[in-house]
Amino acid sequence: MNISLLSILIIFYSLCLHYGIAINNITLSQSINDPETLSSNGFTLGFLSPPNSTNRYVGIWYMTESTVVWLANRNQPLRDSLGSFAISEDGNLVVMNGTKKVIWSSNVSNIATNSTCQLLDSGNLVLMDSAGDKVWESFKNPTDTLLPNMKITNNNKSGEKVELTSWKSPSDPSIGSFSLSIEPLNIPEGFIWNKTVAYWRTGPWTGDVFLGIPMMNSSYLNGYRLDYEEDGTVFLTYSYSNESYLAVFVLDWQGKFEQRFWDHEKKEWQVGWKAQSSECDVYGICGPFGICSVESSPICTCLEGFEPSNTEEWNSNNWTNGCVNRRTKLQCESAKTQNGSVNSKEDGFEKLEMIKVPEVTAFSWLKTEDSCRSQCMENCTCIAYSFDEEVGCMTWINNLTDMQQFSSGGSNLYIRLANSELSINDNEKDSKTTIITITVTVIVGTIIIVTCAYFLWKRSARKRKRDEFSRFNRGETIVVNTSDMKIEEQSEMELQELLLFDTETLSVATNNFDLSNKLGQGGFGPVYKGKLKDGKEIAVKRLSKASGQGLEEFMNEVVVISKLQHRNLVRLLGCCREGDEKMLIYEYMANKSLDKFVFGPPEHKFLDWGKRFNIIEGIARGLLYLHRDSRLRIIHRDLKASNILLDEELNPKISDFGLARIFGGHRDEANTARVVGTYGYMAPEYAMEGLFSEKSDVFSFGVLLLEIVSGKKNSSFYNNEESQSLLGFAWNLWNEENIVSIIDEGIYEGMKERDILRCVHIGLLCVQESARDRPNMATVISMLNSEIVNLPQPKQPAFIERNNIINSLSSEECLVLFSNNIVTLTNIQGR
Ligand SMILES: *[C@@H]1O[C@H](CO)[C@@H](O)[C@H](O)[C@H]1NC(C)=O
Ligand SMILES: *[C@@H]1O[C@H](CO)[C@@H](O)[C@H](O)[C@H]1NC(C)=O
Ligand SMILES: *[C@@H]1O[C@H](CO)[C@@H](O)[C@H](O)[C@H]1NC(C)=O
Ligand SMILES: *[C@@H]1O[C@H](CO)[C@@H](O)[C@H](O)[C@H]1NC(C)=O
Ligand SMILES: *[C@@H]1O[C@H](CO)[C@@H](O)[C@H](O)[C@H]1NC(C)=O
Ligand SMILES: *[C@@H]1O[C@H](CO)[C@@H](O)[C@H](O)[C@H]1NC(C)=O
Ligand SMILES: *[C@@H]1O[C@H](CO)[C@@H](O)[C@H](O)[C@H]1NC(C)=O
Ligand SMILES: *[C@@H]1O[C@H](CO)[C@@H](O)[C@H](O)[C@H]1NC(C)=O
Ligand SMILES: *[C@@H]1O[C@H](CO)[C@@H](O)[C@H](O)[C@H]1NC(C)=O
Ligand SMILES: *[C@@H]1O[C@H](CO)[C@@H](O)[C@H](O)[C@H]1NC(C)=O
Ligand SMILES: *[C@@H]1O[C@H](CO)[C@@H](O)[C@H](O)[C@H]1NC(C)=O
Ligand SMILES: *[C@@H]1O[C@H](CO)[C@@H](O)[C@H](O)[C@H]1NC(C)=O
């Protein structure tokens, strides 16, 4: 009897938790009188007095009465403790004084019928009409505290705004002079205002982080979102689902904005991040064209090429009027006034690094830094630009205000200057541009011709000897052979740390590269199983010879890549280079590759959902390490099931990472000379334009995830009439609200359905057409761990219909030289 009652209670309680419904509501007939309270999940609604004040206010606090997260009658205090909080006859929430006079009201007009009010677990106080629709909520009428899932919004059409407003003083909660809002600029930013004067800004939003908050860098994992609603309202929100602490943001009475965590053990608040940590964080402290750095003294300096507009003031540390450029006119301006002869050299750009950039006056979706630069160069009103992979091309036409020099993070900012103002290096470079261009063209031309000839000769000679290596040569025309180059001493030292194998040893270990030892054929060459004399098993990747790299560069890359170590990456044990032969030696993985398990019939059932989820998560962690945590920011570019190896405990390990570096040579080119990858896993922007970024790996990850969950190979859809691809298939099911049927029957478990579907949802988010819409790996991991609870709706994935361009490629041809990339390649060589 007791037990069953208890279990009913437990079920009831967990249901309540589950739906976020507290057992805390008032209806028309009830009211709360001072000092009664309602509470829910640590939040309490009741009457309180701020420190050093006898006024009473109706408010919500968390854990202790001193941490007030919301107040009703902040501007209309109760003078005594006879007040009450109730729903009035017109359906509104009201605060009444001792003589039942309404002093505060939620002031919603025309509430249809009898309304009720609840304090939810999230700390949100909602007023619902009898149909259960929210007609008013405290989350849309905040005071000075931002709680998880609350939205700061701004609609510049209707002028509707939800913003935080500070208290007047610690003992007076009425509206003070500071507010925090989100501004719908070209690229939205958060601002703190002192009345109408800007006091602090976040910097432009990149889609993941704010550029002006260095601490909020890419390794920041906490569900922040800034986005548009359909009606054009821009909103900022964040979610936290770590049950063990609550994190809130507070705008205090002095305009300071900080994050606080509730420490359950010590029962107190801990301060996390602070928006204003130095004087430099005060908006525009150095005036126009001034730049602030905490490390210099005085903190303000003028930009290169600029000088104080009032030297006396400036020297007495009054920087309000900032700096001007009155030294040399820009060439583009002189040309405009037909005075071009005075200074006829073309303007240039001075590069500043790790900068908090000013408010963006214009931006465009240019994909490369070069196009951004030339767009700015072409228009004389453009005085600066900055390029960010996630944002695009930002340009400025007005005063540059509120710049800060960071010691980490921030962006590169390029300032337009007259040629003579540029620092020596740039200047010389520019003045010699023509000569250099000609010389480079001639030299490069010669090198290309000579090396091509040499290469072709060598290739034909080699072809007679061994057929195998010529297989991957297609498309590669410009190869600089530098095998005679000496390896620098330093890297020779580093090589000592890495095991160097000789061809002899490897030949013996693999039984002279016998076909029976061949484990597979990767994009860069065949892989053989080998056994060293001491019995240790290894995998040997024999690189095809199409590598566009010299020996020295090859060795450098190998050393660098061998330093990447993570439990979800296959370890590189060593390498071998002898003559033309280049081989990489990896640890051997007993359980082969993932495709055999997921798609192969006998082992099919072997991987249940738990194991599959573990694999998905492991791959995500490995990728995140490659993208973010390792110093190198490696983009894999060929992630697929056959590149995921499994160890004895079925932990996934990513293989073949970094090979694009070994093969590409051009480290930071976002526009690759050669598209490496496998049809079906390649992101659209990569397959068609050769543009790669972390987000193209995210795309491949999404495809892989859907394959793992569905047990279906993406390529198995090639000849399917109904859907042209796995993505199309999944998207159709999603729209038919029948996504459950994508789940591999072998792993379906009723209990786990929600988790599995959540994974599918994440997969769909990863394969969205626009790279910008796809989450990054950090966010993917937060989503997988349910740190981010509410997933956005996925947009249509890429390749629903098979694209004609792609279609015309056979799947064999995974190494492709696209025509527009030949142009890029030429550019690279010409620099
Ligand atoms: C609170 O509201 C819920 C849902 O509207 C209702 O089921 C419940 O009975 C109410 N509780 C009280 C104490 O009024
Ligand atoms: C309250 O008043 C006392 C005495 O005037 C003062 O020391 C204290 O700092 C005040 N507290 C607050 C929060 O203002
Ligand atoms: C309630 O408010 C009314 C109007 O502001 C005022 O006249 C009245 O004295 C107040 N009653 C109490 C008990 O404060
Ligand atoms: C209540 O709303 C009306 C219009 O909807 C407005 O005129 C009035 O000022 C509001 N009152 C308060 C106290 O906000
Ligand atoms: C509101 O609730 C009261 C009491 O439950 C009921 O008498 C009244 O008819 C309801 N009013 C409406 C408009 O539903
Ligand atoms: C609202 O914002 C958009 C985008 O930034 C802008 O194009 C538009 O002019 C703005 N409208 C108003 C009324 O400010
Ligand atoms: C806010 O502005 C007022 C004047 O409007 C000024 O006195 C005050 O110092 C400013 N506060 C801060 C923190 O800048
Ligand atoms: C990110 O921010 C953290 C904390 O400020 C810092 O320790 C870390 O070095 C930063 N990472 C990068 C890549 O800037
Ligand atoms: C929540 O935070 C605590 C304390 O920082 C940490 O120990 C715990 O691992 C976190 N839990 C989750 C699920 O992230
Ligand atoms: C700084 O200069 C401005 C403009 O010349 C002046 O209005 C202001 O009072 C000065 N500020 C200080 C602190 O001297
Ligand atoms: C230059 O930029 C300004 C501001 O963005 C724009 O109004 C103007 O039309 C541009 N001029 C040209 C020639 O593109
Ligand atoms: C730029 O700054 C100067 C000096 O403070 C000011 O006179 C001018 O109005 C500003 N121009 C713009 C467009 O903000």
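Remember, it's a predicted structure, so these values are computed and weren't measured experimentally. Order of listing sets the numbers, starting from 1, for every ligand and every atom in it.
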Side-chain (Arg416) to main-chain (Cys376) donor-acceptor, under 3.5 angstrom = yes

Looking at the rings of Tyr199 and Phe178, which for Trp means the six-membered one, are their centres under 6.0 Å apart?
-> yes

For ligand 7, the portion of Trp200 having any non-hydrogen atom under 4.0 Å away = neither

Using salt bridge (Lys or Arg N to Asp or Glu O under 4.0 Å) as the criterion, list what pairs up with Lys134, not counting sequence neighbours.
-> Glu137

For residues 278-290, pull every pair meeting side chain to side chain donor-acceptor pair (under 3.5 Å), keeping only residues two or more places apart or in separate chains.
-> Ser277-Asp281, Asp281-Gln404, Tyr283-Glu359

Near ligand 3 (heavy atom, under 4.0 angstrom), the protein residues are Asp80, Asn97, Gly98, Thr99, Lys101

Identified ring-ring contact (aromatic ring centres under 6.0 Å, His included) partner of Tyr385 from the options Phe349, Trp396, Phe363 | Phe349

With sequence neighbours left out, write down each residue that passes side chain to side chain donor-acceptor pair (under 3.5 Å) with Ser106, or none if nothing qualifies.
-> Asn92

Show which atoms of ligand 7 fall inside a sub-4.0 Å distance from at least one heavy-atom site of Asn194.
-> 1 (C), 2 (O), 3 (C), 8 (C), 10 (C), 11 (N), 12 (C), 14 (O)

Evaluate disulfide (SG to SG under 2.5 Å) for Cys393 paired with Cys372, printing each intermediate quantity in order.
-> CA-CA 5 Å; Cys393 179; Cys372 185; 2.0 Å; yes

